[in-house]
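The figures here come from the full heavy-atom set of this structure, side chains too, leaving out hydrogens, waters and symmetry mates. Per chain, numbering begins at 1; letters A, B, ... match sequence-line order. In this text the structure is predicted, and so the values were computed from the model without any measurement.
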There are 2 protein chains.
Amino acid sequence: MTDLAVDDDGRTLHQQVLSGLRRRILLGQIEPGQALTIRGLAAELGVSAMPVREALRQLVAERALELMDNRRVRIPPMTIERFEDLIAARIVLEAEAAARAMPYVTDAVIARLEAEDAVINEAEAARDYDRWIWANYAFHSVLYGAAGHSVFLPLIESLWLQIGPFLRRAIRTLSGHYTVDRHGEALAALRRRDTMALRIAIEADIRDGIAHIGSTLIRSEALGRQLEDSMA
Amino acid sequence: MTDLAVDDDGRTLHQQVLSGLRRRILLGQIEPGQALTIRGLAAELGVSAMPVREALRQLVAERALELMDNRRVRIPPMTIERFEDLIAARIVLEAEAAARAMPYVTDAVIARLEAEDAVINEAEAARDYDRWIWANYAFHSVLYGAAGHSVFLPLIESLWLQIGPFLRRAIRTLSGHYTVDRHGEALAALRRRDTMALRIAIEADIRDGIAHIGSTLIRSEALGRQLEDSMA
DNA sequence: CATGCTCCCATGTGATCACAAATTCGCGAC
DNA sequence: GTCGCGAATTTGTGATCACATGGGAGCATG
């Protein structure tokens with residue numbers, strides 16, 4: 001179906017499969033209940049089972065997927081409690097990562113952030129959700145990765161992967177609302193080298209974007225619980 | 001060598017290999033420069049290459065190991081900057097995890113924590129470093145895992161795995177010093193249901209235990225850099 | 001004695017196969 | 001029509017094999 005390019009760069013097949021799956025998860029293109037079988041994915045991607053096995057294993061390690069007792073893998077069902085934990089973890093980690101990145105934020109970094117912010121605005125105007133989500137990740141990645149030696153980024157990416165599958169469902173609701181320009185506030189704080197303001201802007205950005213998802217989750221709590229049970 | 005029990009419980013071979021390797025890393029029993037080859041470990045553990053491959057892949061995903069350009073895996077070299085990031089991440093994550101666990105801390109949980117604390121003290125008296133380290137992990141795991149739905153624990157374990165290999169080297173230095181009883185403070189805070197005091201005790205515990213390692217790292221900075229270069 | 005080259009072995013990657021467990025589907029009984 | 005029950009298929013796990021690459025030892029040459 002979404003066949004991998006016949007022959008990519010020097011990356012191993014397993015890495016190509018992994019980044020492909022990771023992208024699909026981050027963009028919420030994989031249905032939470034959907035069956036994820038090794039042979040199925042292998043056939044779909046036109047590779048043997050081996051690279052898919054390793055990719056799935058890695059995604060399980062990153063908590064993007066869950067290994068059930070059946071030894072099958074699935075996207076972990078979301079609960080209110082888990083969702084709140086994910087948000088809390090995102091806030092403390094991303095605020096700290098942003099603050100620690102501050103000394104490494106050069107004008108070049110700010111320029112890249114502005115570029116990503118522009119893409120976000122374009123995508124929002126064009127109702128291009130995939131592009132919007134992806135640019136959002138890019139914006140945060142560039143900021144947290146500015147320091148180079150990345151301890152925080154992998155942890156944060158794990159959290160994104162866990163939230164991703166439930167993002168798309170709520171994103172349509174979100175895009176209708178007027179959203180405060182938190183990225184603008186963050187950029188202003190960066191230009192002023194104001195670490196405290198940056199922390200506040202990042203936290204507000206996470207809470208804003210997530211509040212709608214949370215309310216969506218709550219509204220569909222009955223449905224969610226039913227889905228979760230049906231998969232248990 | 002350290003042969004796996006001929007036949008364990010219902011766990012898959014790959015899981016047994018994984019937890020074995022994880023334990024060795026957490027206890028600092030794997031030399032940072034040591035060669036970690038699939039076939040070598042497979043022969044050592046008496047299994048085929050397959051379970052080892054998957055275990056290594058998973059440890060790479062958890063950042064306990066690093067995939068080099070040679071496609072070989074090694075324990076990532078430590079630098080001062082990375083070490084400081086690891087400590088900072090531990091503090092924000094573990095303090096938040098502890099605070100969020102507070103509502104779930106029953107008397108039974110406190111009893112288990114007291115039991116682990118007793119083990120820690122025994123091990124310290126007996127100069128049993130492995131047991132000391134392991135009980136320390138257990139103490140924190142019990143606390144953070146009290147809430148059940150664990151988002152924080154996997155993230156924290158990833159940080160432990162990254163620090164583990166460099167722990168043993170410094171632990172002898174540490175055990176000589178008089179260490180303030182931070183776990184006692186944490187337990188007292190738990191009994192009083194004092195969340196703020198708990199956060200402070202946890203942060204102090206991390207800083208205490210780590211300060212010695214940090215200074216050891218700095219004292220051996222020249223050696224460390226040389227090691228790092230030789231492995232680069 | 002240092003340096004470069006060649007050959008060989010070790011290693012990671014990917015494919016395929018064997019097997020056991022689990023799921024599913026279909027048939028039959030009530 | 002519904003509920004069990006058994007066979008067939010699907011699926012994950014582990015082993016083995018083929019292949020290409022990279023590292024290292026050994027030798028020859030300067």
Output the rounded distance in Å from [atom1] ([X]) to [atom2] ([N]).
X: A/Asn70; N: D/dT13; atom1: CG; atom2: P; result: 11 Å
X: B/Leu45; N: D/dG14; atom1: CG; atom2: C1'; result: 15 Å
X: A/Arg71; N: C/dC19; atom1: CZ; atom2: P; result: 18 Å
X: A/Leu13; N: C/dT13; atom1: CG; atom2: P; result: 11 Å
X: A/His14; N: C/dG12; atom1: NE2; atom2: P; result: 14 Å
X: A/Gln15; N: C/dG14; atom1: CD; atom2: C1'; result: 13 Å
X: B/Glu54; N: D/dG12; atom1: CD; atom2: P; result: 12 Å
X: A/Ile38; N: C/dT23; atom1: CD1; atom2: C1'; result: 16 Å

Can you tell me how the ring of A/Trp160 sits relative to the ring of A/Tyr144, calling it parallel under 30°, perpendicular over 60° and tilted otherwise?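 Taking A/Tyr144 first and then A/Trp160, their aromatic rings sit tilted (interplane angle of 30° to 60°).
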Going by heavy atoms in the side chains, are A/Pro51 and A/Thr12 under 4.5 Å from each other?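 Contact flag for A/Pro51/A/Thr12 side chains = no.
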Within the pair A/Arg57 and D/dG12, is there a side-chain N or O less than 4.0 Å away from OP1 or OP2?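 The answer is no; no side-chain N or O of A/Arg57 sits under 4.0 Å from OP1 or OP2.
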Could you tell me whether the phosphate oxygens of C/dG14, OP1 or OP2, come under 4.0 Å of any side-chain nitrogen or oxygen in B/Arg53?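 Answer is no, no contact under 4.0 Å.
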A/Arg22 and A/Glu62 ion-paired at < 4.0 Å: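 Salt bridge present between A/Arg22 and A/Glu62.
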Base of C/dG12 paired with side chain of B/Arg39 (donor-acceptor, under 3.5 Å):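 By the distance-only test, yes, there is a pair.
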Looking for any heavy atom pair under 4.0 Å, which part of the strands does A/Leu41 touch: base, sugar-phosphate only, or nothing?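 The residue A/Leu41 makes no contact with any strand.
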Start at the 5' end of DNA chain D and walk down; is the nucleotide closest to A/Thr37 or to B/Met50 reached first?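 Nearer the 5' end of the strand: A/Thr37.
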Of A/Ser48 and A/Arg72, whose nearest nucleotide on DNA chain C comes first from the 5' end?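 Checking each residue's closest nucleotide, the 5'-ward one belongs to A/Ser48.
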Counting N and O atoms only, with roles assigned by atom type, does the side chain of B/Gln16 sit under 3.5 Å from a partner on the main chain of B/Arg11, one being a donor and the other an acceptor?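 Pair found, side chain donor or acceptor close to backbone of B/Arg11.
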Rounded to the nearest 0.5 Å, what separation is found between the CD atom of A/Glu84 and the CD1 atom of A/Ile80?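 A/Glu84 atom CD to A/Ile80 atom CD1 measures 7.0 Å (nearest 0.5 Å).
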